[in-house]
Every structure is written in C-alpha cells, then in structure tokens.
2 protein chains.
Amino acid sequence: MGKRRAETIADEIEELIFGGTFAEGTRLDEHALAVRFGVSRTPIREALQKLTLPGLVTHIPNRGVFVHQPGPVELMEMFEVMAELEAAAGRLAARRISTAALDDLRAANARCREAVAAQDADAYYLQNETFHQIIYAQSGNSFLRAEALRLHRRLRPFRRHQLRLRGRMAQSMAEHEAIVAALEQGRAAAAADALRSHVAVQGEKFHHLISSLRPAAE
Amino acid sequence: MGKRRAETIADEIEELIFGGTFAEGTRLDEHALAVRFGVSRTPIREALQKLTLPGLVTHIPNRGVFVHQPGPVELMEMFEVMAELEAAAGRLAARRISTAALDDLRAANARCREAVAAQDADAYYLQNETFHQIIYAQSGNSFLRAEALRLHRRLRPFRRHQLRLRGRMAQSMAEHEAIVAALEQGRAAAAADALRSHVAVQGEKFHHLISSLRPAAE
DNA sequence: GATCCAATCATTGTATACAAATCGATTGAC
DNA sequence: GTCAATCGATTTGTATACAATGATTGGATC
C-alpha cells in the first residue's frame, strides 16, 4: 500500500530521523523537503502523514509536523508492550511451531553465538532480528505478527544501541537458549515468561544507558 | 492531530463503512467522495490515507483504495491480540490501580448490572467501554493504553454484535466481577488471566456467530 | 467465432496556484 | 519603558490542472 514515490520518500525521511539529521523537536518544512527530494509538496505531505501513524512525527494542525523521539519513560512503555507481544507470540508458538522452524531458530541462534564470539554487534543484531521474526511468524497469528513487526521496527534503533552495553550480547544469548528450550519442549508459559523478560530487560538496560548519558535531564 | 477537514471526513467515511453503506471490497472513488462531501480530492485522499493505518481500507497503488472488512480468521486473530493487550493492562493495573479508580470500576460495573437486568444491550455496551478504558488507563503505561484503545476501537462494531447473543451479557457480567475481585486483591496473574479469557471468548463467540450466519462460507 | 493486440478512456499520482491561518515584528498608546 | 494590537510575511490547507498508469473496449487476424 502506498504510491511508489511517497513510500520511498517516507523511508528516506525515516532514515534521516534515525540517523540524527533531524533532531528531536525539529519542524519538518514541507517546502524544504520538497526541494531536497526534487518533488512537489504533495508527495512530501503524504510521506509525512505516513510517518505520523507509527508516532515518528506528530502533526499539529496549521503548525506543521515535528519529529518526536520518545523520551526514556515512553521508551520504557514501548518496550513493556513489546515484551507482552513477544510473550504472546511465544506462548502461541510453543504449541504451533513446526520442526522446520525450530531448526531455523537453532540455526539463527548458532549464528548469534558466532557473532558473540567475534564481538560483532552488527552481525548479532541481524541474526537476532531473524530469531525474533521466526517466533512472530510461528505464532500462527498473522495479525500479531504484523503488530509485533511494526513495534519491533519502531524500537529497532534503540535495541541496536543497547547491544553495545558490556556483557549484554552474552546475556541476550543465554536468554535465547532458554527461549529455544522452552519452545522445543512446548512449554507455553515458560516460553512466554522467557520472552517477556528478554525484551523487558532491554528496556531497562536502555533506561540505564539514557540516565547515565544525561545525569540530570528530564 | 490532523487538519480539521480531513479529520472529520475520515470519521464520516469510517461511519459509512461500519454502517454498511460501503460493503467489503468496494472501491472508494475519490472523485465521487469529493462531490459527496463538497470538497476537493485532496482532503479526501488525506482522509483515505488516515483510514489505511488502522487497516480499515487497503490502498493499492495506481488502483485505488478498497474497504477491507476482516474475515472470521483475521477477526479471531485480532481478538487474540486484544486479549493479550488487556491481560497485560490488567497485570500492570493490579499493582498500580488507585482506590479512586477501583471505585469507578465498581460504579461502571454496577451500571453494567442494571443494563443486564434491563436487557439493554446498548447501555451495557457503553458501560463496558468505560470499564475497559479504566483498566487501560490504570495500567500506568500510556503507550499500552493508546494501543489498546486503538485496537478496541477497531473491534468495536464486532463486540457490539456479539453482545446480542443469548446469555452473553450475563456471562460477560460475571467475568467483570472476577476481574474486579482480582484487581482489588492485587492478584496480577489472576487479573491477567481473567481479562485474557474475557476478551478471547468474545472472539470465539463472534466466530460462532459468523459461522452460523453463513454455513458454508470461506 | 475466439483470441490477441492496440487505442482510448477513466482514475490515480503529482505539480502548481490560491486561500486561510499562525507567528513575528513594528508601531502606537498607556 | 512596557504591553498590546495590528499589519505583514511565512507556512499550512485546499483547489484545480496536468501527467502517468492501468482497465476496458473495439477491431483485426488466425
């Protein structure tokens, strides 16, 4: 869904926000963006509206759109919801997961282990993505899968940051092992709990990271 | 957020879809809607884009937008996710709920009971709304609250239908009692379970309703 | 008679032009 | 000197005009 042009522009603007080009609170000038992308204001407006729905920017009538990066509390809240969605996916997947998917999960986990050994955060991040997406898919609930992917995508840049924390990759790895074990044995409640805490701890880690960066802010 | 005109138009189109004026699969002609609302195509396009995000319509590039009413399976999936969100809200609310909110909850429940006695489905529906919204709010997680409200709103017309099933109102009432009890006692797990099944059963009920209406469809 | 190709037509996507509204600055009064 | 109000400029919201893409229909050929 979406028109080719506005879609790509929306993605590019999103990258610019995540990349830090547009800081928190910046007003996104339609005309400036139009000349920047070499198009009219119309596709820009559509692109900005697309960014409004995930909450990446807020639109104030007759004022313009402003980039809205979530603060520490809002971020914690989002991770909390993400944890619940993952837990739900895990609970369902424990009963429905296929043996082929279990193999894929183990394979992704093995590649994660290699990344930990190589201290390659980017590689770990990538394999971690597939690990979680397999679980979403195996929940057998395509709506849940779509919602989880949506929020996962929104939190992506923050997950990435917190991976750099000392020892986090190894800890995350151990949690992955527990999750796979629970899914293998079809223990729904255990899988749900393991996934919930696995994600929730990311929010807490990030909270600490933020607080340490700006001691007396907000 | 949004421009006054496009916002109201989006709401009106939404009502037209829920009201059955625009059936499943109907293509929403921009020009026709423009003359209908007495505006240009531009605000119509913005309104249609707003409806795309909740999944009310699907936009196919260069083809147009089509109303997309969820089928039985998709609906079940949505109720399943809704159940998890409610369960999460309940688990959090069990620890954080204020005494004032507990009073509000009991009051809403009392009004629900009156509605059951009067066999007034509309009144029950209304009080049921506030009952659930109090729980969302008391989760203390405003992001969760917003997400729950969003999905709740999407499922609204279907909840309404299944309330008409014989005995459903009374059963729902009993479930409400159990939820309040769990919240009063601060039993997080119990509150979560009660809310999960309370919502999940709605999806199942609706599934039965659908199947009985069209015996050999889908 | 059926099928395939092409041209026309309708509808969406984009650009530009116009109107309305908000923010800032300047000027006047107290 | 400070505050308020009005005027102006910038920016968003809407309308219209143009371009491009996809559907449909007509004709020609096999």
Side-chain angles (χ1 to χ4, degrees), chain A residues 1-69 150, chain B residues 1-70:
Chain A
M1 46 122 150
K3 316 91 202 175
R4 193 181 64 269
R5 193 62 64 98
E7 186 77 13
T8 58
I9 290 177
D11 289 344
E12 293 191 44
I13 294 178
E14 186 176 320
E15 289 302 322
L16 287 174
I17 293 176
F18 287 153
T21 308
F22 296 128
E24 162 70 19
T26 307
R27 188 178 64 85
L28 296 177
D29 189 88
E30 296 180 0
H31 184 69
L33 288 171
V35 298
R36 175 167 195 155
F37 287 101
V39 295
S40 160
R41 273 179 52 216
T42 313
I44 297 292
R45 287 178 62 83
E46 301 212 349
L48 291 179
Q49 208 174 341
K50 277 193 190 304
L51 296 180
T52 304
L53 75 97
L56 212 69
V57 300
T58 56
H59 184 117
I60 304 177
N62 296 321
R63 292 280 304 275
V65 306
F66 301 83
V67 329
H68 173 65
Q69 293 284 40
R150 196 173 58 88
Chain B
M1 44 123 149
K3 316 92 201 175
R4 193 180 65 269
R5 192 62 63 98
E7 185 77 12
T8 57
I9 290 177
D11 288 345
E12 292 191 45
I13 294 178
E14 188 176 319
E15 289 302 321
L16 287 174
I17 293 176
F18 286 153
T21 307
F22 296 129
E24 162 70 20
T26 307
R27 188 177 64 86
L28 297 177
D29 189 88
E30 296 179 0
H31 184 70
L33 289 170
V35 298
R36 176 167 194 155
F37 287 101
V39 296
S40 161
R41 273 179 52 215
T42 313
I44 298 292
R45 287 177 63 82
E46 301 213 348
L48 290 178
Q49 209 174 340
K50 277 192 189 305
L51 296 180
T52 304
L53 82 95
L56 212 70
V57 300
T58 56
H59 184 115
I60 304 176
N62 295 322
R63 292 281 303 275
V65 306
F66 301 83
V67 328
H68 172 65
Q69 292 285 39

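These numbers were taken from a predicted model, which means no experiment stands behind them.
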Between Arg5(B) (CZ) and dA19(C) (P), how many Å, whole number?
16 Å
In whole Å, what is the span from the CD atom of Glu30(B) to the C1' atom of dA10(C)?
12 Å
State which of dG13(D), dT14(C), dT14(D) makes the closest approach to the side chain of Thr42(B).
dT14(D)
Nearest-angstrom distance from the residue atom CD of Gln49(B) to P of dT12(C)
14 Å
Nearest whole Å is fine: how far is dG13(D) C1' from Ile44(A) CD1?
16 Å
Which whole-number value in Å describes the distance from Arg45(A) CZ to dG13(C) C1'?
15 Å
Heavy atoms, side chains only, cut-off 4.5 Å: are Lys50(B) and Glu7(B) in contact?
yes
Measure from the side chain of Asp29(A), starting at C-beta and using heavy atoms only, and say which of dT11(D), dT12(C), dT16(C) lies closest.
dT11(D)
Kindly indicate whether the side chain of Phe22(B), heavy atoms from C-beta on, has any atom under 4.5 Å from the side chain of Leu28(B).
yes
For the pair Arg5(B) and Glu46(B), find out whether any cationic side-chain nitrogen is under 4.0 Å from an anionic carboxylate oxygen.
no
Of the listed dT14(D), dT14(C), dT12(D), the closest approach to the Asn62(A) side chain comes from dT12(D)
Could you check how far CZ of Phe37(A) sits from P of dA15(C), rounded to whole Å?
13 Å
Could you tell me if the side chain of Ile17(B) sits less than 4.5 Å from the side chain of Gln69(B), heavy atoms only?
yes
Would you mind reading off the distance between His31(A) atom NE2 and dA9(D) atom C1', rounded to a whole angstrom?
14 Å
Quick one: is dT11(D) close enough that its OP1 or OP2 comes under 4.0 Å of any side-chain N or O from Arg63(A)?
no
I want to check something: taking the side chain as every heavy atom from C-beta on, are His68(A) and Leu56(A) in contact at a cut-off of under 4.5 Å?
no
Arg27(A) has a side chain; which of dT14(D), dA15(C), dT11(D) sits nearest to it?
dT11(D)
When all nucleic acid strands are considered with a 4.0 Å heavy-atom cut-off, which category describes Arg41(A): base, sugar-phosphate, or nothing?
base
What is the distance, rounded to the nearest whole Å, between atom CD1 of Ile60(B) and atom P of dT21(D)?
18 Å
Out of dA15(C), dA15(D), dG13(C), whichever nucleotide has its closest atom nearest the side chain of His59(B)
dG13(C)
